[in-house]
Student: 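Input: one structure, supplied below.
Sequence lines set the chain letters: A, B, ... in the order given, protein chains first and strands last, and positions in each chain run from 1.
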Amino acid sequence: MVNIKFPDGKTIEYPDGVTPFAIAEKISRKLAKSAVCARVNGILTDITTPLSGDVELNILTDDTPEGLEVIRHSTSHVMAEAVKRLYPQAKLAIGPSIEDGFYYDFDVAEPFVPEDLPKIEKEMAGIIAEKKPFVRIEMERGKAIEMMKSKDEPYKVELLSEIKDDKISLYKQGDFTDLCRGPHIPNTGKVPFFKILKATGAYWRGNERGKMLQRIYGTAFATKEALAEYLNHLEEVKKRDHRRLGKDLDLFSTHEEAGAGLIFWHPRGAMIRYLAEEFWKKEHLRHGYQLLNTPHIAKDSLWKISGHLDFYRESMYASMDVDGMKYHVKPMNCPGHILVYKTKVRSYRDLPIRWAELGTVYRYERPGVLHGLLRVRGFTQDDAHIFCEPSKIDEEVLRTTKFAIHILNSFGFSEFDVSIGTMPEKYIGSPDIWKKAINALENALKIIGISYTMEEGGGAFYGPKIDIKIKDSLKRAWQCSTIQVDFNLPERFDIVYAAADGTLQRPIMIHRALVGSLERFFGILIEHYGGAFPMWLAPVQVIIASISEGNVAYAEKLAEQFRSEDVRVETDVRNERISLKIRDAIAEKVPYILIVGEREEQNNMVSVRERNKGDTGQVPVQDFLKKIREESIFRKG
RNA sequence: GCCGAGGUAGCUCAGUGGUAGAGCAGCGGUUUCGUAAACCGCAGGUCGUGGGUUCGACCCCCAUCCUCGGCUCCA
C-alpha cells in the first residue's frame with residue numbers, strides 16, 4: 001500500500017503502483033481531465049508514473065504554471081515529430097519550453113520558409129489526433145548514445161556525452177524518441193491549443209562561431225480563450241510598437257541617407273523631449289546636482305587615460321584626423337566630467353560633487369542589433385557623475401536610487417526589477433575593492449527596502465552596478481536606470497581631494513543614468529502610453545476644431561489666448577465636416593478636442609471632447625483653461 | 001556579425017520577363033456642415049542603390065545600403 005498525502009493535509013491509502021492519474025480519476029473526472037503532471041515528494045513527474053511508499057502528492061492541472069510548462073514542452077516534442085515526418089533529414093537539437101511558449105532547434109539543409117509553418121501545424125494536428133502516449137524510457141547513457149548514433153542525431157549524441165548521470169531518460173511517442181528529462185503529458189491528444197509563431201536562425205548552444213540552426217517558435221495554452229488572449233496581446237504589442245506610432249504620430253524618423261541607428265526627432269517628438277528634458281533638469285537642480293556640458297569629440301590621449309581604447313574599442317568609432325592628431329567621437333561622458341573635476345583642487349568640503357549632463361554619445365552597434373529607438377548608434381544619456389568621499393558611498397548610492405525611482409515614477413512607471421551586477425570576466429581594479437563596492441550597493445538597497453537579485457558577472461568593467469528595470473503597461477521589462485560605482489577612473493585620472501586632515505585622498509566616482517538614454521526612453525514611453533501621452537508630455541494638448549467657416553476667427557482667437565498661457569494648442573479650421581476633424585484628432589491621440597461653432601462663440605464657451613471619454617459637454621473658456629492648467633502640472637502619467 | 005524575410009507614390013499595399021496600379025494623405029473646386037471618413041477632379045513613381053543577364057528587367061543574377069524577425073552581443 002502507498003500512503004498518499006494531499007496538499008490539504010489528508011492522507012489516503014492506495015494500492016501499490018497506483019498512478020497519480022488513477023488517483024485523479026478517483027477524485028473527480030474533471031481533475032483527471034485537466035491533470036497534466038504531478039509533483040511527487042517535490043519532484044515533477046509524469047502523471048502515469050506508478051507510486052510506492054509514502055508520498056506527498058500534488059496533481060498539477062493545466063492551469064498551473066508547471067502544468068502549462070509541461071504542456072508546452074510536450075508540444076515542442078510533437079512539433080519535432082512533425083518536422084521529422086516532413087523533413088526526415090532534419091537533425092534534432094534542443095526544444096525547451098520558454099516564457100509564453102516553446103521552441104525547437106533543428107539542423108536542416110534548407111531553412112524553413114513561412115509557407116512551411118502551416119504544413120508543420122497541420123502535421124502536428126495529425127499527431128495530436130492520434131493520441132499517442134508519451135512513454136518514458138530509462139536506459140544506460142552508453143546505450144542511449146548508441147541509439148542516437150544509429151538514428152544519426154549528432155546533437156543528441158553531443159548532449160548525451162556531456163550528461164554526468166549514467167541513467168538517462170528518453171520519451172517516446174509512436175516512432176519518435178527524444179532525449180528528455182520530462183515530465184510530459186500522458187499522450188499527444190492532450191496537447192490543447194497551440195500555434196506556431198515564427199521560424200528564425202539560432203546558433204547551436206548560443207555560440208556565435210557555432211553552427212547556425214533553424215529555430216521554430218510556438219506557443220500552447222490550456223484553453224482556446226487563453227491562446228486567443230495571448231495572440232491578442234501580441235496584436236496589442238504590435239499596435240503599440242513605437243516604430244509604428246512614431247510614423248503615425250509624426251514623432252521621429254531614421255534615414256538610409258544618414259545611416260542606421262541615427263534618430264531624427266520631428267517637431268512633436270522634439271516637443272516631448274523638450275518637456276522631458278526640462279523636467280529632468282529642474283529635478284536635478286532640486287536634488288543637489290549641477291549641470292555640465294562637454295564636447296562630442298576628444299583626442300585619443302583622453303581615451304587612453306580612461307582605458308576606453310583598451311576596454312571599449314569595439315564600441316568606439318574609428319579616429320578622425322585633426323591637425324595630424326587622432327580624435328574620437330565620445331562613447332561616454334565620464335572622462336569629460338573628470339577633466340572638469342581636475343580644473344582645480346577640490347576639498348572634502350566641496351564633496352559630494354554631483355554633475356549631470358544630457359550627453360550625446362556614439363557607439364558602434366553591430367548592424368543586426370539595431371532596433372527602432374531602443375537600440376541605436378547615437379543617443380543622449382541622462383548621465384551624471386558623483387564624486388564623493390569613500391565613506392559617503394552608501395549615502396550617495398541610497399540618494400541616487402531614491403532619486404531614480406522618483407524620476408521613473410514621474411514618467412508613469414511604478415513597478416521595478418532591481419538587480420546588482422557583480423564582477424565580470426573583463427575587469428579592472430582589485431577584487432578586494434570590488435567586494436567593498438558591492439557591499440555598498442547591497443546596503444543601500446537594504447536600507448530602501450527594495451528586493452533585488454544578484455547578477456553574477458553583470459557589472460561594468462570598471463565597477464559593480466545597480467540596474468533598475470521598469471515594467472510598462474503591458475508588463476514588459478525595460479532596462480533604464482543604472483548606478484555604477486567606479487573605483488577605477490579616479491585612479492586612472494589620478495583625481496584627489498584635500499581631506500580634513502590635509503592629506504590628499506582619492507574620491508569615489510559614481511556613474512548613473514536614470515532613464516538611460518533619451519532615445520530609448522522615448523521609445524519605451526511611446527509604447528507604455530500607446531502614443532496617448534499624459535497632459536504634461538502631450539506634444540499637442542488641445543485641438544480646436546471649428547464647425548464652419550463662420551467660426552474660424554473664434555477658433556483662432558481662442559488658440560492665441562491658449563498659446564499665451566503655454567497651452568500646446570493647434571487649430572483645425574479646414575473646410576471639412578466636424579466628424580472628420582474629430583476623427584483625425586482622435587487618430588493623433590490628442591487629450592482634448594474643442595469644438596467651436598455658433599453656440600459656443602455666442603457665450604464664450606467651448607464644447608469639450610476628452611480622449612477616452614468622448615463628448616463631455618460645453619464649458620466656459622475660463623473653466624476649461626483652469627482645468628487643463630492643473631492637469632498639465634500633474635505628473636505620474 | 002550570423003540565419004531568414006523584405007524595400008513599388010507621403011502612408012498602407014497590389015502587380016510580375018513585354019507601356020507601373022488602388023485606397024488614404026496632398027493639391028484644386030463644389031459643399032458651410034454639430035461629435036470617428038461629404039462629393040467631383042488633378043497631380044504624384046528613374047519600383048532602395050550600383051552592376052550584370054536579356055531584343056526587352058519592378059520581376060532573373062551579383063554586390064551594396066536600409067528595414068524587419070530571431071541568434072549573438074550590449075560598459
Student: Between A:Ile94 (CD1) and B:rC71 (C1'), how many Å, whole number?
Tutor: 12 Å
Student: Grab the CD-P distance between A:Glu576 and B:rA36 for me, whole Å please.
Tutor: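 These atoms are roughly 15 Å apart.
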Student: Give a yes or no answer on whether the side chain of A:Asp300 reaches the backbone of A:Leu302 with a donor-acceptor pair at less than 3.5 Å.
Tutor: no
Student: Which atom pair, heavy atoms only, marks the closest approach of A:Leu489 to A:Met509?
Tutor: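 Heavy atoms of A:Leu489 and A:Met509 come nearest at CB-SD, 4.1 Å.
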Student: OP1, OP2 of B:rU67 versus side-chain N and O of A:His255: anything below 4.0 Å?
Tutor: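 Checking B:rU67 against A:His255, no side-chain N or O comes under 4.0 Å of OP1 or OP2.
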Student: Whether A:Asp467 and A:Lys469 form a salt bridge (side-chain N of Lys/Arg under 4.0 Å from carboxylate O of Asp/Glu) is what I want to check.
Tutor: no
Student: Do A:Gln484 side-chain atoms and A:His511 backbone N/O form a donor-acceptor pair below 3.5 Å?
Tutor: no
Student: Respond yes when some side-chain nitrogen or oxygen of A:Arg577 is under 4.0 Å from OP1 or OP2 of B:rU32, and no when none is.
Tutor: no
Student: Just by modelled atom types, is the A:Val113 backbone N or O under 3.5 Å from a matching donor or acceptor in the A:Asp116 side chain?
Tutor: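 A pair under 3.5 Å: yes.
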Student: Roughly how far apart, to the nearest Å, are B:rG21 and B:rU46 at atom P?
Tutor: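 Going atom to atom, P in each nucleotide, I get 15 Å.
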Student: Counting just side-chain N and O atoms, does A:Arg243 come under 4.0 Å of either OP1 or OP2 of B:rG69?
Tutor: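 So the side-chain polar atoms of A:Arg243 do come within 4.0 Å of the phosphate oxygens OP1 or OP2 of B:rG69, strictly under.
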Student: Check this for me: does the side-chain of A:Glu208 come within 3.5 Å of the base of B:rU72 through a donor and an acceptor?
Tutor: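 No, no donor-acceptor pair under 3.5 Å.
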Student: Round to the nearest Å and state the distance from A:Asp116 atom CG to B:rC3 atom C1'.
Tutor: 14 Å
Student: Have a look at A:Glu257 and say if it touches a base, only the backbone sugar-phosphate, or nothing, with a 4.0 Å heavy-atom cut-off.
Tutor: nothing
Student: Check every strand shown and say whether A:Tyr217 touches a base, only sugar-phosphate, or nothing at a heavy-atom separation below 4.0 Å.
Tutor: sugar-phosphate
Student: Side-chain N or O of A:Lys247 versus OP1/OP2 of B:rU12: is the shortest distance under 4.0 Å?
Tutor: yes
Student: Using a strict cut-off of less than 4.0 Å between a Lys/Arg side-chain nitrogen and an Asp/Glu carboxylate oxygen, indicate whether A:Lys627 and A:Glu631 qualify as a salt bridge.
Tutor: yes
Student: Take atom C1' in B:rU12 and the same atom in B:rU19, then report the distance between them in whole Å.
Tutor: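 Pairwise C1' distance, B:rU12 against B:rU19, rounds to 26 Å.
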Student: So what does A:Gly206 hit on the nucleic acid, given a heavy-atom distance under 4.0 Å: a base, only sugar-phosphate, or nothing?
Tutor: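 Here A:Gly206 touches the backbone only, sparing every base.
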Student: Looking only at the side chain of A:Met212 (C-beta and beyond, no hydrogens), which of the listed nucleotides B:rC33, B:rG70, B:rU35 gets closest?
Tutor: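 Closest nucleotide among those given: B:rG70.
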Student: Between A:Lys211 (NZ) and B:rG70 (P), how many Å, whole number?
Tutor: 23 Å
Student: With RNA chain B as reference, determine whether A:Asn207 or A:Gly372 sits nearer its 5' end, using the nearest nucleotide of each.
Tutor: A:Gly372
Student: For A:Gly261, which contact category applies under a 4.0 Å heavy-atom criterion: base, sugar-phosphate, or nothing?
Tutor: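 Contact class for A:Gly261: sugar-phosphate only.
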Student: Between A:Ile595 and A:Arg375, name the one whose nearest nucleotide on RNA chain B is closer to the 5' end.
Tutor: A:Ile595
Student: Record whether the side chain of A:Arg209 comes under 3.5 Å of the base of B:rU72 through a donor-acceptor pair of N or O atoms.
Tutor: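 Counting by modelled atom types and ignoring angles, no donor-acceptor contact under 3.5 Å is found here.
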Student: What nitrogen or oxygen pairs link the protein and nucleotides 41-44 of chain B at under 3.5 Å?
Tutor:
none

Student: If I pick the P atom on B:rC13 and the same atom on B:rC55, what distance separates them, to the nearest angstrom?
Tutor: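 The same atom, P, in both gives a distance of 37 Å.
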Student: For A:Gln484, report the nucleic acid contact type (base, sugar-phosphate, nothing); a contact means any heavy atom under 4.0 Å.
Tutor: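 Contact class for A:Gln484: none.
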Student: For RNA chain B, report each stem as range with range, ordered by first number, or say none. Use Watson-Crick or G-U wobble pairs under 3.5 Å, at least 3 in a row.
Tutor: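 Result, WC/G-U stems under 3.5 Å: B:1-7 with B:65-71, B:10-13 with B:21-24, B:26-30 with B:38-42, B:48-52 with B:60-64.
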Student: Scan A:Arg205 against the nucleic acid and name what it touches under 4.0 Å (heavy atoms): base, sugar-phosphate only, or nothing.
Tutor: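 Nothing, no nucleic acid heavy atom in range.
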Student: B:rG34 base to A:Glu600 side chain: any donor-acceptor pair below 3.5 Å?
Tutor: yes
Student: Charged N to carboxylate O below 4.0 Å: is that the case for A:Arg583 and A:Glu576?
Tutor: no
Student: Charged N to carboxylate O below 4.0 Å: is that the case for A:Asp383 and A:Arg512?
Tutor: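 No salt bridge links A:Asp383 with A:Arg512.
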Student: What contact category does A:Arg215 fall into here, base, sugar-phosphate, or nothing, at under 4.0 angstrom with non-hydrogen atoms?
Tutor: sugar-phosphate
Student: Is it true that A:Glu69 and A:Arg72 have a side-chain N and a carboxylate O under 4.0 angstrom from each other?
Tutor: no
Student: How many angstroms lie between atom CE of A:Met271 and atom CD of A:Gln541, to the nearest 0.5 angstrom?
Tutor: 9.0 Å
Student: Can you check the A:Asn333 CG to B:rA75 P distance for me, whole Å?
Tutor: 17 Å
Student: Whole-Å distance between B:rG34 P and A:Leu580 CG?
Tutor: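 Atom CG in A:Leu580 sits about 13 Å away from atom P in B:rG34.
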Student: Report yes if at least one side-chain N or O of A:Lys198 is closer than 4.0 Å to OP1 or OP2 of B:rG70; otherwise report no.
Tutor: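 Answer is yes, contact under 4.0 Å.
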Student: Quote, to the nearest angstrom, the C1' distance that separates B:rA75 from B:rA5.
Tutor: 33 Å
Student: Please state how far atom CZ in A:Arg244 lies from atom P in B:rC11, giving the value in whole angstrom units.
Tutor: 10 Å
Student: Please determine whether a side-chain nitrogen of the Lys or Arg among A:Arg377 and A:Glu519 lies less than 4.0 Å from a carboxylate oxygen of the Asp or Glu.
Tutor: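 Salt bridge between A:Arg377 and A:Glu519, a charged N being under 4.0 Å from a carboxylate O: no.
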Student: Just checking A:Ile578: base, sugar-phosphate only, or nothing, at a heavy-atom cut-off of under 4.0 Å?
Tutor: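 Sugar-phosphate contact only.
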Student: Roughly how far apart, to the nearest Å, are B:rG4 and B:rC62 at atom P?
Tutor: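 After rounding to an integer number of Å, I get 12 Å for this pair.
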Student: Considering all heavy atoms of both residues, which atom of A:Trp434 and which atom of A:Ala460 are nearest to each other, and what is their separation?
Tutor: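 Result for this residue pair: CH2-O, 3.1 Å.
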Student: Can you check whether A:Ser607 has a side-chain N or O nearer than 4.0 Å to OP1 or OP2 of B:rU35?
Tutor: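 Answer no for this pair, as no side-chain N or O of A:Ser607 is under 4.0 Å from OP1 or OP2.
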Student: Return yes when atom CD of A:Glu99 has more than 12 non-hydrogen atoms of other residues, nucleotides or ligands closer than 6.0 Å, and no otherwise.
Tutor: no
Student: Which is true for A:Gly307 with a 4.0 Å heavy-atom rule: it touches a base, it touches only sugar-phosphate, or it touches nothing?
Tutor: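 The answer is nothing, as A:Gly307 stays clear of every strand by at least 4.0 Å.
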Student: Rounded to whole angstroms, how far apart are CZ on A:Arg574 and P on B:rU32?
Tutor: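 So the CZ-P distance, A:Arg574 to B:rU32, works out to 18 Å.
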Student: Can you tell me if A:Tyr312 touches the phosphate of B:rC73, counting only side-chain N or O atoms and a distance under 4.0 Å to OP1 or OP2?
Tutor: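 No, outside the criterion.
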Student: For B:rA43 and B:rA57, measure between their P atoms and round to the nearest Å.
Tutor: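 Nearest-Å result for B:rA43 against B:rA57 at atom P: 28 Å.
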Student: B:rG41 and B:rG56: how far apart are their C1' atoms, nearest whole angstrom?
Tutor: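 Here B:rG41 and B:rG56 have their C1' atoms 36 Å from each other.
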Student: How far, in whole Å, is B:rU49 from B:rA20 if one measures between their P atoms?
Tutor: 15 Å
